[in-house]
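Notes for the one structure printed next.
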Amino acid sequence: MAARLHQVVVHPVRDRATEHVAADERRAVVETGPDARAVHVPADFPSRSTWLARARLGQGRIQEAIQILVDRIEQGANSPDIKGFLGYAYGRAGRRDEAKKLAAADQPPYQQALTFAGLGDKERTLDALERMAILGPVRLGRDLMYPEFDLVRGDARLKALRKKLGLPE
């Protein structure tokens with residue numbers, strides 16, 4: 001039986017990626033850029049569910065994203081990234097109490113920044129991003145490119161943080 005593919009949009013690098021997920025969940029193909037090259041991602045790839053949930057968020061299919069992330073947590077995944085994106089999704093869905101509960105938990109700054117961004121809380125998002133500075137310019141520079149942090153783009157505090165780390169504006 002041939003796998004049936006459907007297309008979902010992923011926004012890891014500013015609207016330049018597309019993910020095709022096999023209906024039978026055996027493989028995924030990620031294409032990036034205008035001259036896309038395919039990458040096969042195995043079904044057991046550790047962050048595959050997170051990327052699929054992010055794709056659903058980018059499509060506005062927030063409830064589906066939440067379900068994907070909750071399912072992964074119920075299956076035993078304990079990644080702070082999953083909890084950060086779940087907090088973001090809860091915030092986008094208007095489920096503020098659940099998002100705040102995740103943000104109040106003992107999460108690393110990146111996951112708190114995601115949750116606060118989902119809640120639309122610019123100040124606390126920036127506070128968490130500033131606490132991430134110890135991770136260095138490579139990690140923070142990459143993470144700042146994610147669309148989840150569009151909320152803080154152009155903010156003077158973010159520009160100062162980028163400058164402090166030697167990142168381009």
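This one's a predicted model, so the numbers in the text were calculated from it and none came from an experiment. Residues take their numbers from the sequence shown, with the count starting at 1. Reckoned from all heavy atoms, side chains included, excluding hydrogens, waters and symmetry mates.
- Of all heavy-atom pairs spanning Gly91 and Ala99, the tightest one is N-CB, 3.8 Å.
- Put simply, Tyr146 and Phe116 are part of two different groups of oily side chains (I, L, V, M, F, W, Y) that touch within less than 4.5 Å, one to the next.
- Minimum heavy-atom separation, Leu165 to Pro137: O-CB, 3.5 Å.
- Side-chain atoms of Arg92 never come within 3.5 Å of backbone atoms of Leu119 as a donor-acceptor pair (strictly under, hydrogens ignored).
- Between the OG1 atom in Thr50 and the CD1 atom in Ile82 there is a gap of 4.0 Å [rounded to 0.5 Å].
- Taken from CZ in Arg95 to CG in Leu102, the straight-line distance is 10.5 Å, to the nearest 0.5 Å.
- Residue pairs that meet the salt bridge (charged side-chain N to carboxylate O under 4.0 Å, His left out) test with at least one member in residues 116-128, sequence neighbours left out, are Asp121-Arg124, Lys122-Asp155, Glu123-Arg157, Asp127-Arg157.
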Sequence neighbours excluded and cut-off under 3.5 Å, please list the side-chain donor-acceptor pairs for residues 65-74, or say none.
unit_1 : atom_1 : unit_2 : atom_2 : d
Gln67  : NE2    : Asp71  : OD1    : 2.6
Arg72  : NH1    : Gln75  : OE1    : 3.1

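- Under the 4.5 Å side-chain heavy-atom criterion for grouping Ile, Leu, Val, Met, Phe, Trp and Tyr, Ile62 is connected to Tyr90 within one hydrophobic cluster.
- Under the 4.5 Å side-chain criterion, counting only non-hydrogen atoms from C-beta, Leu52 is not in contact with Ser49.
- The residues Asp97 and Lys100 are annotated as not salt-bridged, no charged nitrogen and carboxylate oxygen being separated by less than 4.0 angstrom.
- A 4.5 Å side-chain heavy-atom check between Leu140 and Leu135 finds every atom pair outside the cut-off.
- Judged by a 6.0 Å distance limit and a 45° cone about the ring axis, Arg48 is not positioned over the six-membered ring of Trp51.
- A donor-acceptor pair under 3.5 Å is absent between the side-chain atoms of Glu148 and the main chain of Leu114, judged by distance alone.
- Both tests hold for Arg139 against Tyr110: distance to the six-membered ring centre under 6.0 Å, angle to the ring axis within 45°.
- Contact between Asp81 and Gln111 at its shortest, heavy atoms only, is OD1-NE2, 2.6 Å.
- For the atom pair CG of Leu167 and CG of Leu144, the computed distance is 7.0 Å after rounding to the nearest 0.5 Å.
- Taking the centre and axis of the six-membered ring of Tyr88, the NZ or CZ atom of Arg54 falls outside the cone set by 45° and 6.0 Å.
- Using modelled atom types and a 3.5 Å distance limit, the side chains of Gln63 and Arg56 yield no donor-acceptor pair.
- The hydrophobic clustering, which links ILVMFWY residues whose side-chain heavy atoms are closer than 4.5 Å, places Leu129 and Phe85 together.
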